[in-house]
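Working notes for the structure below.
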Amino acid sequence: MRRRSVTMKLFVTTAFFFMFFYAIVLLGQLNLFESFYQHQKTATLEKKLQAFSELYEKKRWDDARLSREIGLFISQNKAQLAILGPEGNMKHDNLFRIVIREDNGNQVRVSLSFMLNSVSRKLLEANFKLGDHIEAEGVFEDTKSKDLLYPVVIQKSGSKAINIQEADSNETLEKVSGVITEVLLPSSNQWNSRQGILYIALDEWFPLSEERKGILQAGDSIIEEWTDRVSETRSVVMIRPVMRDGKLSEVIFVLASLQQISEAYDALRVFYAYMGIGGILLIVLLSLVFTKLVSKPLIKLNQVALRMVKLDFSVKSHIRRNDEIGSLSSSLNSLSEKLDNTLKELYDANEQLQLDMAHKLRMEQRQKEFISDISHELKTPLSIVKGYVEGIRDGIGENKRERYLEVILGETDKMEELIKDMLELAKLESQSIKLRKSSFLLSQQLEDIVDKLSNHLNEKQLKVAAVIIGEHAVHADQVKMEQMLVNLLMNAIRHATVGSEIAVRIESESEHMRMEIENEGEAIPEDQLETIWERFYRVEKSRNRKTGGTGLGLAIVKQILDLHESRYGVENTKQGVKFYFYL
């Protein structure tokens with residue numbers, strides 16, 4: 001391999017970084033793991049103990065709640081906890097116990113803190129319940145108060161005695177009997193043999209030295225590492241004071257094992273000793289494999305070139321390197337970009353030409369449709385006018401001359417209105433109109449339009465009821481919007497039931513305004529809801545002639561709303577028909 005070749009550079013770089021990273025991990029595990037893990041465990045346990053202590057000081061739990069909280073602390077933190085007086089007298093230790101009431105009314109707690117698995121199974125099988133009568137023989141923690149008994153034997157009435165532990169020949173056993181008033185037994189896998197180590201630690205630490213007692217009375221905690229002399233088990237001891245009225249009332253004693261950390265650390269040292277040799281071999285092997293992967297960017301560049309052959313210049317090479325491959329990648333990208341720009345210019349020119357041709361064809365088609373439509377629509381009124389004019393000329397119905405003239409005048413007005421609408425629609429469809437937008441309120445424009453159409457409303461005894469919710473100004477062509485609203489309202493007036501109400505609703509929806517116009521009357525057939533926007537559309541061919549209108553009003557509405565890029569539609573309701581649009 002040449003010294004400055006891509007393959008050599010890849011091999012050296014890959015091997016160096018693998019070696020460097022592996023060395024950091026290895027040294028960190030071997031030298032820092034134990035202290036780091038121990039520090040993390042101690043810091044976490046300290047925080048949990050602080051939280052428990054603060055709650056204990058504030059809440060003043062009853063025995064049942066305190067037992068639950070101690071149990072949670074033990075199970076969640078894998079540590080032992082006891083609450084003692086300043087002189088070391090036990091107040092609360094393990095949560096597992098039986099409380100009996102003697103015949104004289106005294107309450108005695110029978111501790112089940114340190115049990116072998118075989119004993120624990122027997123206790124569970126005995127099925128102790130509230131109200132059961134039991135006898136227990138053991139040693140009292142305090143011979144004066146006699147409120148906490150460490151049992152040697154427990155027997156339930158009618159059952160065999162259960163030997164808890166071997167009795168010390170130097171100790172005097174005492175018996176208690178009574179009715180169970182409280183029982184708290186764990187499942188078989190919850191007994192923890194480390195509870196015995198807790199009592200060894202308590203016996204060694206208490207009574208506290210004056211130095212330690214001074215630290216606690218000052219409100220500070222004690223955190224020290226402690227090793228059991230018998231089992232040589234390493235543990236961390238935490239003692240946190242409970243202050244009441246500024247005085248040391250109780251101490252919370254916590255014991256957590258550090259033995260697992262040492263065992264894990266010893267295993268890791270052996271593991272990494274074997275892993276070191278294999279890791280170095282693996283690094284060299286991976287480096288060699290990665291050097292072979294230098295062909296991968298060449299394959300990608302070849303794929304780019306093949307796409308360019310097929311006139312696909314959208315693909316780009318993302319290889320950025322200061323070597324031969326990087327130079328080739330940059331050249332391909334530059335060539336692709338230039339060819340792509342040239343091809344796009346040709347496509348754009350061709351597309352514009354097609355658009356111009358399509359627009360020209362549409363204009364020619366609309367001119368033909370315009371001539372055809374206006375010819376068809378003018379045919380009927382022109383025939384009527386011609387007939388009446390010929391009648392007047394021939395002297396037919398001299399007594400109806402005035403009536404004939406009114407009909408002729410009415411038909412010419414309709415033709416004038418039709419021609420105006422046709423010309424307006426033709427301008428809108430040609431898209432040659434430029435909107436002059438401004439900000440205004442739809443409600444104000446609606447009020448002006450209703451006032452202008454009052455005569456039409458009064459003819460059919462109609463009322464307009466407007467509901468406005470959260471209105472804000474719209475930005476639109478005010479003149480075109482007025483023309484559109486007049487057409488929609490006139491459409492509603494024509495088809496509304498006499499004496500009914502036209503409901504108009506204007507409300508804000510996010511950044512848009514929605515307007516609805518609903519009239520009572522005959523519904524539109526569902527299959528014709530999409531065709532009503534077409535020019536000269538009529539649900540009933542005869543109805544439009546009778547009610548007036550050119551048949552172009554909704555077509556003009558559609559063109560104006562399209563120019564404003566508005567969403568709009570029509571739907572049947574229980575009362576009639578509702579038109580709506582958004583601005």
Test log, rule side chain to side chain contact (heavy atoms under 4.5 Å, CB included), inputs I517 and I502: CA-CA 7 Å; I517 299 177; I502 297 176; 4.1 Å; yes
Full working for side chain to side chain contact (heavy atoms under 4.5 Å, CB included) between M238 and T42: CA-CA 9 Å; M238 296 185 182; T42 304; 3.5 Å; yes
Evaluation steps, side chain to side chain contact (heavy atoms under 4.5 Å, CB included), between I222 and V251: CA-CA 10 Å; I222 296 174; V251 295; over 6 Å; no
M243 vs L248, side chain to side chain contact (heavy atoms under 4.5 Å, CB included): CA-CA, chis, key distance, verdict: CA-CA 5 Å; M243 310 298 292; L248 180 63; 4.0 Å; yes
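Every residue two or more places apart in sequence or in another chain that forms a salt bridge (charged side-chain N to carboxylate O under 4.0 Å, His left out) with E250 is listed here: K91, R244. Every residue meeting the salt bridge (charged side-chain N to carboxylate O under 4.0 Å, His left out) condition with E174, not counting sequence neighbours, appears here in chain and number order: K146. Listed by chain and residue number, E516, E571 satisfy the salt bridge (charged side-chain N to carboxylate O under 4.0 Å, His left out) test with K578 (two or more places apart in sequence, or in another chain). For N127, there are no side chain to side chain donor-acceptor pair (under 3.5 Å) partners, not counting sequence neighbours. Here R101 pairs with nothing under the salt bridge (charged side-chain N to carboxylate O under 4.0 Å, His left out) rule; sequence neighbours left out.
In summary, the side chains of E46 and S221 do not present any donor paired with an acceptor at a separation below 3.5 Å, with no hydrogens or angles considered.
The main-chain N or O of L49 is never found under 3.5 Å from a side-chain atom of S53 such that the two would form a donor-acceptor pair. The backbone N or O of V99 sits less than 3.5 Å from a side-chain atom of T181, completing a donor-acceptor pair. Although no hydrogens or angles enter the test, the distance criterion places a donor-acceptor pair under 3.5 Å between the side chain of N104 and the main chain of N106.
In this structure, CD1 on I134 lies 4.5 Å from CD1 on I180, to the nearest 0.5 angstrom. With values rounded to the nearest 0.5 angstrom, Q107 atom CD is found 9.0 Å from I100 atom CD1. Between the CD atom of Q444 and the CG atom of L442 there is a distance of 10.0 Å, given to the nearest 0.5 Å. Within the model, atoms CG of L583 and CZ of R567 stand 11.0 Å from one another, a figure rounded to the nearest 0.5 Å. In this structure, OG in S257 is found 12.0 Å from NZ in K78, a value given to the nearest 0.5 Å.
Using a 4.5 Å cut-off on side-chain heavy atoms (C-beta onward), F52 and N77 make no contact. Annotation: side chain of F440 is in contact with side chain of V474 (closest heavy-atom distance under 4.5 Å). When side chains are defined from C-beta on, M513 does not count as touching M515, because their heavy atoms never get closer than 4.5 Å.
When every heavy atom of H133 is checked against every heavy atom of S177, the shortest pair comes out as CE1-CB, 4.0 Å.
The number of heavy atoms from other shown groups lying within 6.0 Å of CD (E54) is above 12. Within 6.0 Å of CD in E509 there are more than 12 heavy atoms belonging to other residues, nucleotides or ligands.
Listed by first and then second residue, the salt bridge (Lys or Arg N to Asp or Glu O under 4.0 Å) pairs that reach into residues 206-221 are E87-K213, R212-E224, sequence neighbours excluded.
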